[in-house]
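Shown next, in structure tokens, is the structure this report addresses.
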Amino acid sequence: MPEGPELYMSGQFINQTCRNNLFSGQIVKSLVSRQPDIDWNEETYTISAVTRGKELKLTLQSIPNDQKENKKCAKKQNKTLDIVFQFGMSGKFDFYEANELQKHAHLNFFTKTENNKSVQMVLSFVDYRRFGKWQPNGNWSVERGPCVLTDYIPFRENILKNVELSVFRKPICEVLLNQKYFNGIGNYLRAEICYRAGIPPFQDARSVLEPLLTETNEVKIKSEKPDILQLCHLLPNEVINLGGTGYDPENRDPDYSKFTEWLQCYYKPGMKNMADHNKRTMWYDGNPGPLKPSVEKVRKIKRKKKASEEVEKTVLKKPKVEKIEDDSKAEITGKSKRTRKTASGPITRKNVTEEENLKKSKKKSSAKAKNADLEKSSLKAAGKRRATRRKQSKTSVSDTNISCTPKQKMAGNTVRRTRRGKRS
DNA sequence: CGTCCACGTCTAC
DNA sequence: TAGACCTGGACGG
């Protein structure tokens, strides 16, 4: 899910679905999660959300009993708790029937059911890669700047008053991922922003941004094209206005093609790409710019997959659901201590440079041998680690094999799943 | 089967 | 500036 727009839409989703629901009881964490427990156990509470860049703040607010309300309301304030989330690479919120928790549901909030009148639902933070984080009593990270979506003016000022700092002497495409200045921009947005601004991605950021300092309002109004900082606000807004769920190839809604059609550069056929200095793939068109990495590492496009092509084959969703059932037994339990892997060598990727690509046809074997020499040990190590992981997961249980509340256990027999936008 | 890649941070040489 | 942190889909042999 997660760049600024996806976070923002998650917040909308939470507010819409939680508006009509009361929640109750403890907040249940998966056994595998290394994130903090949430100390909360209120009979009745509400949930709301607000976002800032790539962070989302959940606010839990308890509602006192009717009887107490009149007497004690003034003196005893409703209890509230803020939890600040980062989504990592795969975090998202989902709301579904609480019969059985999703495999990678790591933090779960259960609705209140009055005398079994209604089906119990759960709001889950689902995050299969577990790079996501949360912090109870948290506040917005001080390391992150104003939100490109919701704080546009401060966002712009924060950059323009700091353009002289050394961080802005890096390529613009890399600075665009610096959350201290571009809170909410991620890898697909930076590609779209540079592309639409017509700026070579590896041009230094200061030279791109400095001209905006002297730009008068008059100039701005006259110019047809929004400048790059405006694009940082406008493009995320466009994604939101598509009405889908934004970037979300895994759990695609029927409208996902809207998003892929909106993209003009990221992963688009005909566009070029290159790993930046942090090994993140930068998609661009035309001239890469002077600060491009000296070794050009180009990713091969593998990912034509189903994205836009097999829109018609909605049938494929069925097998996927079945697979989830299978997988739900294949996770690891709470004691996955996962002692830090003693890295037995650097784990470098086997990247293919452009030159190597060319040479490959002729000198394939030698290039390969060289690579192999360099990376044999490390690759082996990586392979071993994977193997180990697989073994582990064979003997283990699901992420969501969490200590259930009695209610859940009761409901645990019924096998039924609902996933957002996915009913077949 | 092994390898590469993915919407993002972090911290340790 | 490599790696670690993770799971899993796609692809190649």
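None of the values given here were measured: they were computed from a predicted structure. Chain identifiers are assigned alphabetically (A, B, ...) following the order of the sequence lines, protein sequences preceding nucleic acid strands; residue numbering begins at 1 within each chain.
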Is the phosphate of dT3(B) approached by Lys300(A) (side-chain N or O, under 4.0 Å from OP1 or OP2)? no

Involving DNA chain B, stems made of at least three consecutive Watson-Crick or G-U pairs, both distances under 3.5 Å: B:1-6 with C:7-12, B:8-12 with C:1-5

Return the value, rounded to whole Å, for the distance between atom CZ of Arg280(A) and atom P of dC5(B). 13 Å

Starting at CD of Gln179(A) and ending at P of dG8(B), how long is that distance when rounded to a whole Å? 7 Å

Side-chain donor/acceptor of Asp204(A) to backbone N/O of Lys170(A), under 3.5 Å: no

Restricting to salt bridge (charged side-chain N to carboxylate O under 4.0 Å, His left out), what partner residues turn up for Glu210(A), sequence neighbours left out? none

Most 5' of Lys133(A) and Trp283(A) on DNA chain B, judged by nearest nucleotide: Trp283(A)

Aromatic contact, Phe109(A) with Phe125(A) (centres under 6.0 Å): no

Do we see a donor-acceptor contact under 3.5 Å between the side chains of Glu261(A) and Tyr256(A)? no

Treating Asn241(A) as the side-chain partner and Asn237(A) as the backbone partner, does any N or O pair qualify as donor plus acceptor under 3.5 Å? yes

Test for a donor-acceptor pair under 3.5 Å between the base of dC6(C) and the side chain of Arg129(A), counting only N and O atoms. yes

Using only side-chain N and O atoms of His104(A), determine if any of them is under 4.0 Å from OP1 or OP2 of dC6(C). no

Where the side chain of Arg34(A) is concerned, which of dC6(C), dG8(B), dG8(C) is the nearest nucleotide? dC6(C)

Heavy atoms under 4.0 Å, any strand shown: does Arg190(A) hit a base, just sugar-phosphate, or nothing? nothing

Partners meeting salt bridge (charged side-chain N to carboxylate O under 4.0 Å, His left out) with Lys292(A) (sequence neighbours left out): Glu296(A)

Starting at the 5' end of DNA chain B and moving along, which residue's nearest nucleotide shows up first, Thr281(A) or Gln86(A)? Thr281(A)

